[in-house]
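The structure appears right after this line, and notes come after that.
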Amino acid sequence: MTFYTYDYLHDSQSNWQYGRIAIISVLAVVFILFLIHYLRNRMDIKYKDLSIIVATILLLVLAVQYNDFSAIQSSSKQTGQITQTVKQVAKRLDVRPKTISVNSTNVNANLMVKTPQGFFRVDYNSAGTEFVLERVELDESSDIKVEGAQ
């Protein structure tokens with residue numbers, strides 16, 4: 001069973017999004033530079049060709065970004081919900097959120113929490129707004145792996 005630390009969940013929310021923004025920004029700057037070179041030297045058509053190529057790549061990346069926007073937004077929202085759950089569990093158990101790991105990156109009915117005080121199952125109400133913690137014992141044969149542990 002794989003558990004994810006609070007830091008892993010928190011850091012995974014934004015890293016890829018920043019990478020995409022950086023790629024789009026670099027492509028936009030390169031496109032503008034090639035366009036400026038072409039406008040200064042209209043006889044040298046290599047800058048025109050390069051600006052067309054970069055503009056095509058930029059449009060392709062923007063289309064992919066737009067296509068993935070809803071998926072990224074949904075994933076970010078779910079990860080935000082699970083980090084809030086981790087914070088609430090930490091508050092109830094009087095431990096730091098960094099010491100807690102969960103077995104899922106999104107809120108679901110089979111959520112398990114690994115804390116210094118043991119393992120807990122999170123039971124949500126029908127509306128999904130409140131939960132109850134129930135202590136559980138895992139088999140000795142359970143293969144537990146923690147992602148993001150240092």
Side-chain angles (χ1 to χ4, degrees), residues 1-117 119-131 133 142-150:
M1 184 181 303
T2 303
F3 284 83
Y4 304 95
T5 63
Y6 176 78
D7 289 333
Y8 178 86
L9 294 170
H10 193 268
D11 292 342
S12 68
Q13 286 185 47
S14 58
N15 290 345
W16 180 239
Q17 294 171 0
Y18 289 135
R20 286 183 178 197
I21 291 171
I23 290 170
I24 290 171
S25 300
V26 167
L27 284 173
V29 168
V30 169
F31 170 70
I32 290 171
L33 289 175
F34 283 147
L35 191 62
I36 289 171
H37 279 292
Y38 170 68
L39 293 175
R40 284 188 181 170
N41 307 317
R42 289 191 187 265
M43 299 308 270
D44 194 1
I45 61 170
K46 72 178 177 184
Y47 293 116
K48 177 183 175 185
D49 294 340
L50 287 172
S51 63
I52 290 172
I53 291 170
V54 171
T56 305
I57 293 171
L58 180 62
L59 288 174
L60 178 66
V61 170
L62 285 172
V64 169
Q65 177 69 19
Y66 179 76
N67 189 28
D68 290 344
F69 178 72
S70 62
I72 291 170
Q73 190 176 20
S74 174
S75 173
S76 178
K77 181 179 177 184
Q78 288 177 350
T79 305
Q81 288 172 342
I82 197 72
T83 56
Q84 288 301 323
T85 301
V86 169
K87 287 179 184 178
Q88 290 174 358
V89 168
K91 185 176 179 181
R92 286 188 187 182
L93 297 176
D94 197 29
V95 295
R96 292 186 5 242
K98 294 181 184 277
T99 62
I100 295 178
S101 302
V102 293
N103 70 335
S104 178
T105 58
N106 56 16
V107 177
N108 61 36
N110 299 321
L111 188 63
M112 297 280 294
V113 179
K114 179 182 178 289
T115 69
Q117 299 173 358
F119 293 92
F120 292 87
R121 185 174 63 146
V122 180
D123 289 327
Y124 289 97
N125 65 358
S126 60
T129 56
E130 297 291 326
F131 63 87
L133 292 175
S142 297
D143 184 27
I144 297 173
K145 179 180 158 189
V146 179
E147 289 286 330
Q150 297 175 355

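What you see is a predicted model, and the numbers here were worked out from it, not measured in a lab. The chain is numbered in sequence order, starting from 1.
- Side-chain contact between Phe120 and Leu93 is present, with at least one heavy-atom pair separated by less than 4.5 Å.
- Taking all atoms of both residues into account, the shortest heavy-atom contact from Arg92 to Phe131 is NH1-O, 2.7 Å.
- Contact record, Pro97 with Val86: O-CG1, 3.9 Å, taken as the closest heavy-atom pair.
- Minimum heavy-atom separation, Ile100 to Val113: CG2-CG1, 3.4 Å.
- Of all heavy-atom pairs between Leu27 and Val54, the closest is O-CG1, 3.5 Å.
- Shown here is Asp94, whose CG atom has no more than 12 heavy atoms of other residues, nucleotides or ligands within 6.0 Å.
- Counting only heavy atoms from C-beta outward, the side chains of Thr2 and Asn103 never approach each other to under 4.5 Å.
- In terms of heavy atoms, Arg121 sits closest to Asp123 at NH2-OD2, 3.2 Å.
- Distance check: Ile45 CD1 to Leu50 CG gives 10.5 Å after rounding to the nearest 0.5 Å.
- Contact check for Val102 versus Thr85: no side-chain heavy atoms found under the 4.5 Å cut-off.
- Between Tyr4 and Ser101 the shortest side-chain heavy-atom distance does not fall below 4.5 Å.
- Rounded to the nearest 0.5 angstrom, Ile32 CD1 and Leu35 CG are separated by 8.0 Å.
- Considering CG of Asp49 and CZ of Phe34, their distance stands at 11.0 Å, rounded to 0.5 Å.
- Using bins of under 30°, 30° to 60° and over 60° for the plane-to-plane angle, the ring pair Tyr47/His37 lands in the parallel bin.
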Checklist line | Criterion side chain to side chain contact (heavy atoms under 4.5 Å, CB included) on Thr115 and Thr99, from CA distance to verdict | finding: CA-CA 6 Å; Thr115 69; Thr99 62; 6.0 Å; no
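- Between atom CG of residue Leu39 and atom NZ of residue Lys48 there is a gap of 11.0 Å, rounded to the nearest 0.5 Å.
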